[in-house]
Each structure stands twice: as structure tokens, then as C-alpha cells.
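Just follow the structure's listing: the first ligand is 1, and inside any ligand the first atom is 1.
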Amino acid sequence: MKNFKKVAAIHDISGLGKCSLTVIIPTLSAMGIQVCPVPTAVLSTHTGYGGFVMRDLTDFISDALNHYRKLGADFDCIYSGFLASARQIDHCLDFLSAYSKALKVVDPVMGDNGKRYRTFDDELCKKMISLVRAADIITPNLTEAAILLNENYPANGLNIAQIKSWLVRLSQLGPKTVVITSADISGEGISAVGYDAQNSRFWKVLNDYVPAHYSGCGDLYTSVLIGGLLSGDSLPIAMCRAAGFTKLSIKSTYSYGLSQSDGLLFEPQLPWLNGYNDFSGFESI
Ligand code: PXL
């Protein structure tokens, strides 16, 4: 029988401003993968809107895990993202050790564009390292990579040698696969760069430049990356699949002139995920 995959997604759910679970559930579902949401917080909007209200669900995560253990429930992948308190990191670590055979994906959501999100303090950022250590795959953006490595945000970008050294240093924290989703490579533009430490291979997929910034791009990218990897893609093919769908969603949103904080117009594009596409746009670096 076909092996239908299940992903436990430990992320927030925000009412307005598409990101986290409101992006992850439809995207992975369209790829034929079941998402089992474990909400870390409920927000009226994502943190980029003024005056948002938030309910922290820290204790819910451990209760949900206990219930899944009692049921003998299994997951093919545990995927953590936006966390509402430092204590949630301990609960995520319990999830990762309870499902040691699952693919452990940590998106160390902490900030973007050189700035931390409003709800992330020093304690949470410091503790994020322990979650990164337990992961198989991490998908930081450039801001998060800098925080994890205790480096200043490289406002003028990095050269290829520097970016490769950042990838290696991130993998030395624990994860055997590292993808920096928005590496600003001086003179080349924004690319996703990946490192497969087991085979010592580095990969790059260049993004098209669009003069706008939308919330939820990282969640969309990582969802498609996970969907690809769980379906048997190689790392560079999964990176191309993720880049292709993210690019299409960004360009479509831009073409309609939609508000940047509302997030991506990805819903009409979901059929792309099941079409025939060219995944050769990667480079070995
Ligand atoms: O996409 C990252 C993200 C997730 N969840 C919430 C956010 C953000 C980014 O702004 O605010 C609540």
C-alpha cells in the first residue's frame, strides 16, 4: 500500500496575514501530505500588524504529545516553527525525542530583514539553539542564521566562501542539512543555499528580485521543501520545487498589487504543485 505521510506541525495559527499553519496546511495537503497541527499560539493577526492579540498555548503542546503517545500515534516528520515562549522549546524537544525516527525539521523562526519579531526575547533566541541541535534539517533566513551564529546581520551580503562557512558552522550545531532560505550573495542577489553535510555538497538556487516583502514566504518555502523531501526529492530538487512555488506565489501577489502584510496569494497556484515543472534551476557551489 502507498505510504501516506503525516507531519506534526508545531506552529502558531494567525487569523489575518497568511503565515504558519494557514500556509502550511493547504500547501502540504495539496502535496498529498496530512498536516497534524499542534498550535503554539493563536493570534488575531501575525506580529507585523499593530495591536494583535495572542493566546499562548504552551501547556497545550505537552498535553497533545501525551495524548498522541497514549494513542500510539506516529508521524513521518515533526516540523517546528513560530514559538510563543522559551518553555515551548522544551515541549518541542520532547516531541522530537518521542519521534526519533521522524524527519526533524526546525524552522528557527525569530526574525527577518535584520530584525527580531516583537515576541522574541533574548531567552527564546538563546534557547532556540538547543532545538537546532536536535534537528535533522533547519531552514533559517539570513537574519536567523546570523542570530544562531552570534554574527551581525550582513546588511551588505556575503560572498560565496562566507556563505559556505556559515552553512558548515550551522550544521556543526547538529543538523546534517541546512538551508538558508534568503542568502544575500554580494553581486548575485538573493538565493536559497543548501548544505548536505553527509555528502559535503553545497547547492544554490537563485531567486528573481521582486521589490516587495511578504509575510509567510519562509513557511511556504519550507512546507514545499518538506513535501518534496518526504516524497523522495534530492535536496537540490526539493529546493527548486520550493523556490518555484514561492516565486510563483510572490510574483502573482505582486502582480495584483496586494497588501504586503496580508501575505501571499498562493491559493490559486496550488495546482502548480501537482503539475509538470522544471526543477533543473540549481547550481552546485
Ligand atoms: O512567517 C513567520 C511568522 C509566523 N508566525 C507569526 C509571525 C510570523 C512573521 O511575522 O508573526 C505569528
Are F60 and H91 an aromatic pair by the rule of ring centers under 6.0 Å?
-> no

Can we say D136 and K176 salt-bridge, meaning some charged N sits less than 4.0 Å from an Asp/Glu carboxylate O?
-> yes

Over 12 non-hydrogen atoms of neighbours within 6.0 angstrom of NZ in K247 | no

For the residue pair F95 and F75, does the interplanar ring angle fall in the parallel (under 30°), tilted (30 to 60°) or perpendicular (over 60°) class?
-> tilted

Solution key, residues 223-241 side-chain donor-acceptor pairs under 3.5 Å, sequence neighbours excluded:
{"residue": "S223", "atom": "OG", "partner": "D219", "partner atom": "O", "Å": "2.6"}
{"residue": "S231", "atom": "OG", "partner": "G227", "partner atom": "O", "Å": "2.7"}
{"residue": "D233", "atom": "OD1", "partner": "R241", "partner atom": "NH2", "Å": "3.1"}
{"residue": "D233", "atom": "OD2", "partner": "R241", "partner atom": "NE", "Å": "2.8"}
{"residue": "D233", "atom": "OD2", "partner": "R241", "partner atom": "NH2", "Å": "3.4"}
{"residue": "S234", "atom": "OG", "partner": "I237", "partner atom": "N", "Å": "3.3"}

Output, or 'none' if empty, a list of ligand 1-protein atom pairs in which both atoms are N or O and the distance is under 3.5 Å, rounded to 0.1 Å.
{"residue": "ligand 1", "atom": "1 (O)", "partner": "D219", "partner atom": "OD2", "Å": "2.7"}
{"residue": "ligand 1", "atom": "5 (N)", "partner": "D12", "partner atom": "OD1", "Å": "2.7"}
{"residue": "ligand 1", "atom": "5 (N)", "partner": "S20", "partner atom": "OG", "Å": "3.2"}
{"residue": "ligand 1", "atom": "11 (O)", "partner": "T47", "partner atom": "N", "Å": "2.8"}
{"residue": "ligand 1", "atom": "11 (O)", "partner": "T47", "partner atom": "OG1", "Å": "2.7"}

Among L248, I250, L258, V23, whose side-chain contact (heavy atoms from CB on, under 4.5 Å) with L264 holds?
-> I250

